[in-house]
Structure formats: structure tokens, C-alpha cells
J.: 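Let me give you the structure first, and then I'll get to my questions.
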Amino acid sequence: MSDAPARDFIRQIIDNDVSSGKHGGAVVTRFPPEPNGFLHIGHAKSICLNFAVAAEFGGSTYLRFDDTNPGKESEEFVAAIKADVRWLGFDWQDHLTHSSDYFDQLYAAAETLIGKGVAYVDSLSAEEIREYRGTLTQAGKDSPYRDRSVEENFDMFRRMRAGEFADGEHVLRAKIDMASGNINLRDPALYRIRHISHQHTGDKWCIYPMYDFAHGLSDAFEGITHSLCTLEFADHRPLYDWLLEQVDTPHRPQQIEFSRLNLAYALTSKRKLNQLVEEGVVSGWDDPRLASLAGMRRRGYPPAAIRDFCQRIGVTKKENIIEMAVLENSIRENLGEASERRMAVMKPLKIVLTNYAADITEQLTAQNHPGRPELGTREVPFGREIYVERDDFMEDAPRKFFRLKPGGEVRLRYAYIIRCDEVIKDDAGEVIELRCSYDPDTRSGTGTSDRKVKGTIHWVSAEHAIAAEVRLYDRLFKVPDPGSVDDVLTALNPNSLEIVSARIEPALGDATGGVTYQFERVGYFCTDSEDHTQGSPVWNRIVTLRDGWAKIEKQALQGQ
RNA sequence: UGGGGUGUAGCCAAGUGGUAAGGCAGCGGGUUUUGAUCCCGUCAUGCGCAGGUUCGAUCCCUGCCACCCCAGCCA
């Protein structure tokens, strides 16, 4: 048989529904964001789940904006969310809707409920309603308005709609059970008065439906078969089902809850994310350090890697905190395959090759991708003066340090073996230059010597390299769960951004947005979508390469 | 003292009566002109705890414990 991956519990439910012919075998899902903020990695899990599941079963997915609370919501967010979903790689085709598309039907459903005597207009104040609701352990009590006649409820509700009352004066409530252990069933509010114009329906309405009322019915109107949401809505399911039953919708979607994604060292709380943006802690919603989709896009995370990540983490009902390493693994795997290699030096240290002619520039051949020869080669200029990484030189190096040290030899990637003859320092004792000699017989590919050295380092030609600003990002927070810290500002990692003046090889001079590169031995990079120009290049580090040396250093430290 | 949900390795996650998949991380080794990649090996006598049923229990039963969510006219 097949060795298909194990199916998560949602797919198992759908398997059964399809084979039993429920919903006529159809599968229709929806992703229902409220347009009041930007999407983040947590939403990506839901988007991937909803779109992938429907696609697997030949169904379709709605992108439905849950815009039932004007004032908190805006078109700006609608546009941003659409761009994010599209970027993630999903296509809702013509299934773009808004809860507000159904305001007429929703209103009619409310009247149906009133007519059946299972909804009433309450005239208690918000505070009174809260008091009447009871507590987690104490039953609530009935509102004195609970037994208004059907006629009076119709009259009141119509006058609410007509704008005869001020905000908060009345509210439409379902008549269920004020003593229920499930607080959502203690006569939940269905409609409230809001004299605010709506981004879509303008001033047509001054009453707006609540989430619980609008959501399930919208699902029913759209023919959603499986309404997938996060765990905190499990308590709402009895209400969801009650509403469909009472309105007697011809179509009955099924709500299924799964656990939301928590990513270690990342923030997925809309409120706190907003705080960082508004207080200027980050540059905006698209700050590359944020786990927002806009931030990850600007950072250079490939959407395919995010999709892969969402698939790897699975779907269950268990609370979880996924380690950043899982995401980084998906990113490196994608980028390692896709990205051409280049050389760039983050923190340049000058080297003069004392036995190399000053007026010569050699063109050396470098592979664009050692693992994919079909990607060809490029020429890299080489001369007497080059830059190497400061970290690739150590004056007092441990034995296992296979890079440059006084008197030591190292291979320059795609070039020659050099030996460090002299270390030049400034008055402060800082190393500012190395004098080295190269071995002409060791040129890559054509070398007549088959001499081997332990280490290979990257470099750029001092004369030809391009100066570039490179932004080295690290995790934004120093604690695994910034979402649970009262003041997120205290959890910030002070080193989440380091800006360096790098030197990059000339082949990178005409790099354009959207193309990722591996800077050999350093990491994966792309140009910044906002600030990069050819005249003054700005690059973002997407993710580092895995660092085996860091591990060795760590072990050495522990061994001491 | 209410209602709902969840407990399988450091982090995820299959398995749900026949003797613990897989991924990430870690550890050990090999290849390597990227200390990357790649390759090989290793990593739960154990499935929240305690009883019970059974030839046999992560799975069934009973009791307990821990953690998460719910008292918006937010979603």
C-alpha cells in the first residue's frame, strides 16, 4: 500500500464525511479573518489548513472578511490580508466574501428567531447584563425584559434598526438558558446598536450582528461544510449549532476546533504586536523581525517554506509551542535548494597578498550552486588586495580553528591557498590588516599542486567589491513566550538587529527584489524591499547557515 | 463549587487491545575547496498518576492529578 503520511484528526473526519456522503460529498472551507490587523504565522497555519484540505478533496475555500464590528475594521487591513494570503500561495478564486454581504439575510434570520419566541430585545444596560449573567460557578438570572411579547420584540427590533435608539440602549438576545454551565448559552447578544458607518454597507445599518450570530449563519449561507477554528471557540459550538437549528438553515456546516500555533520567541498577539508597531519598537507591521506575514515576506522567507512548516507541525487539539528551529529548518531546506551562491564579507578585514602583482586582476570561476551544476558558473575578480571575514582570523587560535592564524594556511574559496605572514595592528592594538602570501600552484581547478589545507574561507576583491548595508536579524525576544509577559518591552532582545557595512561580490550589483542568495559560509540573504537601491544596497539576512563551529566553541567552553 | 478542552522523548506528532511511526533538536561517525549540504548510526522497557479488566493495555473501565480556555453590546 501507500506510505502516505498520517492524517490529522480533521482530515480523518472529512474522510468519513466524504465517504458517507455527508454534504453530498462536498468539502468547502473558509478562512475568516477580521480586518482589524495584520496576519501572522498563526494565521498561516489556519490558511494552509483550510486551503490545503479543500484542495485535497477537490473543494473550494472562501476568503471571508468577518466585518461585523465597524469602527475596529478597515479597508486597509482588507487589502493587506488579501495580499498576504495571495503571497502565501493561495487562490480563493471568486470566493471572496464579507459577513456584511449577508446583513440582509442575517436580519431576516433575527426576525425568524423573534417570531419563534427564541430571541428578545433586552433593555438592560451593558453593566446590568453583565451582573445578570452570573459567574463561572453561579447561574445567571433572567432579564426582566426576557418575556416581552413577540409583537413587542418585533416592534423594538425594527425601531432599533430604524435608528430610534442610541448606542447601547437595547440589544437583541437569544433566549436560551441563563442557568447553563456554558456561559455562551446564557442568552448571548445577537445584535447591538452602533451608529457608525460601515466600510462596506455605509450608513444602511445602525445595528450590527455579533460574531456568534453572523459566523455560523454565514457559514451556512456559503455552503461551508467544515468550519475550522481554534480551540477557544469550542465553547461556542453549542450556540453555533443552536442557531443553525433555530433558523433552520437548509445547509448545516460543522464546526471543528484545533489548537492555535505558538512559535517560541515570537509574538502572535494582535494587541501586543500592535503595541510594538505603535510605540516604534519595530519599523512597522512589515518589520523583518516580526512573525507577521508581511514581516516574513520582507525578511525573505519563501512562502513555500512557510507552507512546508505548517504541514510539518501537524494539526491537533493540544496546546503547543513550536521551536523556532523547525521553522528555520524549513527555510534553510527551501533556500539551500533554491538559492545561488555568492561571496560577501560581513565584517571586512583587509588582506594584502605581498607576492601578488599589484596591477593584475584575475577572473576566477565559481560555481553558482555546487549541488546544481545546471545553474552554471560566474566569474569572480581576484587581486592583490582582498577582504576576508574578521571572524575568520584569530591571533591566538585554538588547535581546532581551521581558518587564518599567524603562520597558518587557509584556502580562499575558488582561489588560492594563502599563508598569513604578518599581522598589522593600529595604535590601540586592533588588528587592521594582514600580510599574506599566496601559492600560485594552488589555483582552484587549474592548480598544479594537490596540496590540502583544513580550512576554506570566503573573500571579496577589495578593488571590485560593492559596499552594502547588511541587516543581521536575530530573534526579537529573549524569552520563549513573549505573549505571556505582561510588558513585552521588557522581553525584547537588545541584539535583534545588527547593521554592518559589508562588502559583497560584484555579481550581486544588479540583484533585484525577490531573489534569494546564499552568501557562502554566512547565510541566506535578499535585498530589502523597502530600502534597497542599486546605488545604496541594503540586504536582509533571512537566516544563518547552521553553524558547526559555534557548537565546537560551546563544547570547548563547557569542557573548561 | 460551573462548563469545555488537553496530557506519548527537549519540541512537535502517529499509533487507540498484540508488544511505541516520522520530523525538528541533540549525540557519535563518514564525505566535503561552504566547520554548510549530503550520508550512516544513535536517541521512550516507555505513553500524566494509581488501581482494575484481559493471555496481553498507550489503547477498555474506575478514581485522581496537571495544564489551557470561557463571565465583551470583541472576534
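Within every chain, numbering begins at 1; the chains are lettered A, B, ... in the order of the sequence lines, protein sequences first and strands thereafter.
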J.: Which part of the nucleic acid, if any, lies within contact of A:Ser125, taking any heavy atom under 4.0 Å across all strands shown: a base, the sugar-phosphate backbone alone, or nothing?
T.: base
J.: Relative to the 5' end of RNA chain B, which residue comes earlier, A:Asn184 or A:Glu520, by the nucleotide with the nearest heavy atom?
T.: A:Glu520
J.: Regarding A:Tyr191, tell me which of base, sugar-phosphate or nothing describes its non-hydrogen contacts under 4.0 Å with the strands shown.
T.: nothing
J.: A:Asn320 or A:Gly548: which one's nearest nucleotide on RNA chain B is closer to the 5' end?
T.: A:Asn320
J.: Look at the side chain of A:Arg521 and the base of B:U34, then say whether one donor and one acceptor between them are separated by less than 3.5 Å.
T.: no
J.: So A:Gly371, base contact, sugar-phosphate only, or nothing? Heavy-atom distance under 4.0 Å.
T.: nothing
J.: Tell me whether B:G15 sits syn or anti, counting syn as a glycosidic angle within 90° of 0.
T.: anti
J.: With a cut-off of less than 4.0 Å, is there a side-chain N or O of A:Thr316 near OP1 or OP2 of B:A13?
T.: yes
J.: Distance check needed: B:A75 P versus A:Arg271 CZ, whole Å only.
T.: 18 Å
J.: Looking only at side-chain atoms of A:Val171, point me to the closest of B:G15, B:A13, B:C73.
T.: B:C73
J.: What is the nucleic acid contact for A:Ala189, judged by heavy atoms within less than 4.0 Å: base, sugar-phosphate only, or nothing?
T.: sugar-phosphate
J.: Which base, if any, makes a Watson-Crick or G-U wobble pair with B:U54, both distances under 3.5 Å?
T.: none
J.: Once you round it to whole Å, what is the distance between C1' of B:G28 and CD of A:Gln555?
T.: 11 Å
J.: Assess whether one donor atom and one acceptor atom, taken from the side chain of A:Arg403 and the base of B:G35, lie less than 3.5 Å apart.
T.: yes
J.: Return the nearest nucleotide to the side chain of A:Lys551; candidates are B:C27, B:C74, B:G35.
T.: B:C27
J.: Base, sugar-phosphate, or nothing: which does A:Ile552 touch, judged by heavy atoms less than 4.0 Å apart?
T.: base
J.: Describe the nucleic acid contact of A:Tyr132 in one word from base, sugar-phosphate, nothing, applying a heavy-atom distance below 4.0 Å.
T.: nothing
J.: Between the base of B:U34 and the side chain of A:Gln518, is one N or O donor paired with an acceptor at under 3.5 angstrom?
T.: yes
J.: Tell me if the aromatic rings of A:Tyr191 and A:Tyr208 count as close, with their centers under 6.0 Å from one another.
T.: no
J.: On the nucleotide B:U6, are OP1 or OP2 found under 4.0 Å from the side-chain N or O atoms that A:Arg260 carries?
T.: no
J.: Measure up the A:Phe525 and A:Phe519 rings against each other and bin them: parallel (under 30°), tilted (30 to 60°), perpendicular (over 60°).
T.: parallel
J.: Any sub-3.5 Å donor-acceptor pair from A:Arg148's side-chain atoms to A:Val121's backbone N or O?
T.: yes
J.: Can a donor-acceptor pair under 3.5 Å be found between the side-chain atoms of A:Asp235 and the base atoms of B:G3?
T.: yes
J.: Return the pairing partner of B:G2 with a 3.5 Å limit on both distances, Watson-Crick or G-U wobble; otherwise return none.
T.: B:C70
J.: Heavy atoms only, 4.0 Å cut-off, all strands: where does A:Ile207 land among base, sugar-phosphate and nothing?
T.: nothing
J.: Closer than 4.0 Å, any side-chain N/O of A:Lys318 to the OP1 or OP2 of B:G5?
T.: no
J.: Just checking A:Ile417: base, sugar-phosphate only, or nothing, at a heavy-atom cut-off of under 4.0 Å?
T.: nothing
J.: Using the six-membered ring of A:Tyr107, assess whether NZ or CZ of A:Arg161 lies under 6.0 Å from its centre and within 45 degrees of the ring axis.
T.: yes
J.: So, A:Arg11 and A:Glu56, do they make that salt bridge, N to O below 4.0 Å?
T.: yes
J.: Decide yes or no, distance alone: a donor-acceptor N/O pair under 3.5 angstrom between the base of B:G7 and the side-chain of A:Glu319.
T.: no
J.: Regarding A:Thr68, tell me which of base, sugar-phosphate or nothing describes its non-hydrogen contacts under 4.0 Å with the strands shown.
T.: sugar-phosphate
J.: Considering every strand and a 4.0 Å limit on heavy-atom distances, what is the contact class for A:Ile313: base, sugar-phosphate, or nothing?
T.: sugar-phosphate
J.: How long is the line joining CE of A:Met210 and P of B:A75, in whole Å?
T.: 5 Å
J.: Would you tell me if any nitrogen or oxygen in the side chain of A:Arg133 comes within less than 4.0 Å of OP1 or OP2 on B:C70?
T.: no
J.: May I ask you to say what A:Arg546 touches in the nucleic acid, namely base, sugar-phosphate or nothing, with a heavy-atom cut-off under 4.0 Å?
T.: sugar-phosphate
J.: Return yes if the base of B:U33 and the side-chain atoms of A:Ser444 contain a donor-acceptor N/O pair under 3.5 Å, otherwise no.
T.: yes
J.: What's the NZ-P distance between A:Lys454 and B:U34, to the nearest Å?
T.: 13 Å
J.: Using a heavy-atom cut-off of 4.0 Å across all strands, would you classify A:Arg413 as base, sugar-phosphate, or nothing?
T.: base
J.: So is A:Arg403 actually on top of A:Trp549's ring, under 6.0 Å and inside 45° of the axis?
T.: yes
J.: Taking donor-acceptor contacts at under 3.5 Å, does the side chain of A:Arg341 reach the base of B:U34?
T.: yes
J.: Roughly how many Å is it from CD1 in A:Ile331 to C1' in B:A36, rounded to a whole number?
T.: 16 Å
J.: If the cut-off is 4.0 Å, is A:Arg186 near the phosphate of B:G72, judged by side-chain N/O to OP1 or OP2?
T.: no
J.: In whole angstrom, give me the gap between the C1' atoms of B:A66 and B:C49.
T.: 10 Å
J.: Any strand is fair game: report the nucleotide pairing with B:G46 by Watson-Crick or G-U wobble, both distances under 3.5 Å, or none.
T.: none
J.: When we call it a touch if two heavy atoms are under 4.0 Å apart, what does A:Pro32 touch: a base, just sugar-phosphate, or nothing?
T.: nothing
J.: Sticking with atom C1', work out how far B:U31 lies from B:G41, rounded to a whole angstrom.
T.: 15 Å
J.: Angle between ring planes, A:Tyr416 versus A:Tyr438, binned at 30° and 60°: parallel, tilted or perpendicular?
T.: perpendicular
J.: Would you say the side-chain atoms of A:Thr365 and A:Glu379 include a donor-acceptor pair closer than 3.5 Å?
T.: yes
J.: Using atom CD of A:Glu257 as one end and atom P of B:U6 as the other, report the distance to the nearest whole Å.
T.: 9 Å
J.: What class does the angle between the rings of A:Phe103 and A:His198 fall in, given that below 30° is parallel, 30 to 60° is tilted and above 60° is perpendicular?
T.: perpendicular
J.: Distance check needed: B:U34 C1' versus A:His458 NE2, whole Å only.
T.: 9 Å
J.: What nucleic acid atoms does A:His170 come within less than 4.0 Å of, heavy atoms only: base, sugar-phosphate, or nothing?
T.: nothing
J.: Go ahead and name the base partner of B:C59; Watson-Crick or wobble counts if both distances stay under 3.5 Å, otherwise write none.
T.: none
J.: How long is the line joining CD of A:Gln311 and C1' of B:G23, in whole Å?
T.: 11 Å
